Amino acid sequence: MTGIMQKLYNGALYPAEQIVSRDAEYFNAIREQGDLMQQLEEKLAPEDYKIVGGVNAWNIL
C-alpha cells in the first residue's frame, strides 16, 4: 500500500478532522455557540453544566 493508504487503513489519518473551514458563517456560529455555553455556565449549577457540556460534545458544528 502507498503511504497515505496505509495510514488510512491503520486509522492514523482522519480526513474529516483535517478540514479547516474559512467560512465566516461557520466562525460566527462557533463564536455564538461559545457565548451561549458561557451564559449557561454562569446560570447553571456545576453538575447541570457538566450534562450540557457532554451533550454539546456530541453536537460539534
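Count residues from 1 along the sequence. If you're wondering where the values come from, they're calculated on a predicted model, not measured in any experiment.
- A distance-only check finds no donor-acceptor pair linking the side chain of D48 to the backbone of L44 [under 3.5 Å].
- Atom CD of E25 is surrounded by 12 or fewer heavy atoms from other residues, nucleotides or ligands within 6.0 Å.
- Rounded to the nearest 0.5 Å, atoms CZ (R22) and CZ (F27) are 8.0 Å apart.
- R31 places a side-chain heavy atom less than 4.5 Å from the side chain of D35.
- Within a 6.0 Å radius of CG in L36, more than 12 heavy atoms belonging to other residues, nucleotides or ligands are found.
- Residue Y49 holds its OH atom at 7.0 Å from CD of Q38, rounded to the nearest 0.5 Å.
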